[in-house]
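A short worksheet on the structure shown next.
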Amino acid sequence: MSETETVLLVGGGGREHAIARALSTDSACELYACASNRNPGTAALAAGFETVSETDVDGIVAYATDIDADLAVIGPESALEAGVADALDDAGIYTFGPDADAARIETDKAFQREFMEAESIPGCPDYAVFEDTEAACEYIEASDVDLAVKPAGLTGGKGVKVIGDQVDREGAKQYLRENDYDEVVLEERLIGEEFTVQAFVANGDVRPTPAVQDHKRAYEGDEGPNTGGMGSYSDAGPELPFMTSEDYADAVEILEAVVDALPEYKGVLYGQFMLGADGPKVVEFNARFGDPEATNTLPVLNTSFLDVLTAAREGESLPQLEFAGKATVCKYAVPDGYPTDPKSGAKITVDEESVGDALLFYASVDEREDGLYTTTSRSFAVVGVADSISEAEAQAEDALAAAGDGLRVRHDVGKAALVQRRIDHMNELRGE
Ligand code: AMP
Ligand code: GLY
């Protein structure tokens with residue numbers, strides 16, 4: 001019989017609501033949470049919820065100590081970068097999330113590429129790192145291929161500009177000159193279809209989860225600026241409809257190579273891949289679950305997340321993961337104007353009764369005494385879970401009746417026409 005474990009969850013988004021839901025399905029878990037916004041979904045599942053910033057290391061350690069936490073799980077990268085995992089571990093609370101040094105695999109894109117090169121991790125695009133804006137501009141001018149321009153630090157997924165896609169060469173140089181970043185990575189533009197594979201990692205074990213495809217662009221048809229992610233889908237098996245099982249295995253091998261090079265790594269390792277004609281290349285690594293990807297993955301995980309956490313803490317081999325064998329489709333409702341000019345502080349309504357069979361995950365909304373308010377980020381997600389992507393899509397679409405005014409959705413996520421476009425694109429690249 002397992003004893004009760006007191007778990008502190010850090011973060012207030014949709015990803016953390018999905019983590020809270022997964023943990024609370026295990027009756028041995030007593031959940032507490034903290035974040036800068038009061039997420040009503042997470043708060044409803046937790047025995048306590050403290051409003052404290054995700055980067056307030058001392059505040060989080062004080063709360064963890066106060067509730068006598070046995071374990072902690074970190075949702076957002078900002079907390080990892082701030083050293084929350086280091087501080088909680090130092091306080092004797094085992095934390096599922098890498099220390100700030102290992103999290104550089106996400107938080108420092110220059111380090112990420114240099115690490116891949118030094119450790120011979122497969123799938124690294126050609127790249128160069130610049131601290132001097134004018135030198136970067138000259139490199140862009142001299143390059144005979146299209147490049148992706150990436151600030152080295154965290155930008156919430158919104159800092160990358162791809163030449164030939166969002167900007168031309170002049171636009172890329174102007175972007176660099178306007179922002180004058182301390183460090184930028186310029187790398188070969190990868191062409192293909194993107195997918196994500198997330199894995200639970202600890203004690204040298206890598207337990208991968210089914211592939212997910214996120215939709216970063218703000219508007220339907222993959223138009224507009226990049227966002228944190230407008231929605232995502234996964235299939236009933238590990239691959240997506242445009243992938244082969246070999247593509248999935250190649251992606252998992254890349255994650256395993258990372259963990260071989262970082263044997264102390266603990267937490268979630270997230271690989272973002274671009275699938276081209278010669279297999280997956282690495283767009284980036286993240287040191288945590290994706291948001292929205294966590295909302296696809298955790299609802300179909302049949303293995304107890306708490307069992308993964310306790311095995312990790314005890315230095316044991318991680319349990320083999322079992323999944324429900326269902327497809328999922330997530331659609332995010334975001335504030336009007338998101339991501340460039342989001343209307344924060346707008347009062348919104350979410351009709352939980354209208355969600356039907358789908359799951360509802362609250363994200364960056366703030367629950368105040370008189371109701372729910374938007375922040376500058378995504379408001380809530382609905383997730384359909386069914387035997388096929390199209391059934392899950394229909395479920396998610398029905399659930400969007402829950403959204404009141406002032407919110408926007410990408411309705412095309414998971415629709416048959418868009419999925420088919422991905423398949424046709426891959427076939428074209430593969431010359432089939
Ligand atoms: P990141 O913040 O690294 O995830 O980048 C955000 C988005 O920019 C990715 O999801 C891709 O759509 C795009 N991107 C990043 N790097 C590249 C690249 N080398 N080639 C093409 N697109 C890229
Ligand atoms: N969905 C992309 C991310 O979480 O970074």
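Both ligands and their constituent atoms are indexed starting at 1 by order of listing. The residues of the chain are indexed from 1 along the displayed sequence.
Between N286 and ligand 2, an N or O atom pair is found at a separation short of 3.5 Å. Ligand 1 has an N or O atom lying under 3.5 Å from an N or O atom of E284, backbone or side chain. Of the polar atoms of E187, at least one N or O is found under 3.5 Å from an N or O of ligand 1, judged by distance alone. Not a single N or O atom of K216, backbone or side chain, sits closer than 3.5 Å to an N or O atom of ligand 2.
Residues R38 and E367 are paired through a salt bridge, judged by an N-O separation under 4.0 Å between the basic side chain and the carboxylate. Salt-bridge check for R207 with D205: passed, with a basic side-chain N closer than 4.0 Å to an acidic carboxylate O. Salt-bridge check for D126 with R189: failed, with every basic side-chain N at 4.0 Å or more from each acidic carboxylate O.
Within the listing of ligand 2, atoms 1 (N), 2 (C) sit less than 4.0 angstrom from a heavy atom of D214. Numbered from 1 in the order shown, with element, the atoms of ligand 2 that lie under 4.0 Å from a heavy atom of Y270 read 1 (N), 2 (C), 3 (C). Contact atoms of ligand 1 toward E188: 18 (C), 19 (N), 20 (N) (distance under 4.0 Å to a heavy atom of the residue). In the vicinity of V283, heavy-atom distances shorter than 4.0 Å reach the ligand 1 atoms 9 (C), 14 (N), 15 (C), 16 (N). Set against the non-hydrogen atoms of K150, the atoms of ligand 1 under 4.0 Å away are 3 (O), 15 (C), 16 (N). Residue-ligand proximity, V162 to ligand 1, at heavy-atom distances under 4.0 Å covers atoms 22 (N), 23 (C). Heavy-atom proximity to G228, at under 4.0 Å, picks out these atoms of ligand 2: 1 (N), 2 (C).
Ring centers of Y139 and F130: under 6.0 Å apart, within the cut-off. Separation of the F289 and F200 ring centroids falls under the 6.0 Å cut-off.
Just one residue in the list R422, E293, E194 forms a side-chain hydrogen bond (donor to acceptor under 3.5 Å, both in side chains) with Q213, and that residue is R422. Applying side-chain hydrogen bond (donor to acceptor under 3.5 Å, both in side chains) to K331 and the options H215, E397, H411 leaves one that passes, E397.
In T196, neither the side chain nor the backbone holds a heavy atom less than 4.0 Å from any atom of ligand 2. Counting heavy atoms under 4.0 Å from ligand 1, residue L190 touches it through both backbone and side chain. With a 4.0 Å heavy-atom cut-off, ligand 2 is reached by no atom of F289.
Note on ligand 2: G290 sits in its first shell, one or more heavy atoms being nearer than 4.0 Å.
When R288, Q272, E77, E293 are ranked by how near their heavy atoms come to atom 5 (O) of ligand 2, first place goes to R288. Closest to atom 12 (O) of ligand 1 by heavy atom, among K216, E194, Q112, K281, is E194.
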Got a list of side-chain donor-acceptor pairs under 3.5 Å for residues 234-244, not counting sequence neighbours?
residue, atom, partner, partner atom, Å
S234, OG, T328, OG1, 2.5
T244, OG1, E246, N, 3.3
T244, OG1, D247, N, 3.1
T244, OG1, D247, OD1, 3.4
T244, OG1, D247, OD2, 3.1

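For the pair Y219/R408, a side-chain contact is recorded, criterion being any heavy-atom separation below 4.5 Å from C-beta on.
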Quiz prompt | Residue pair Y338, Y332: steps toward the side-chain hydrogen bond (donor to acceptor under 3.5 Å, both in side chains) verdict | solution = CA-CA 11 Å; Y338 175 82; Y332 252 119; over 6 Å; no
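Between Y362 and F380, the two ring planes are tilted [angle within 30° to 60°].
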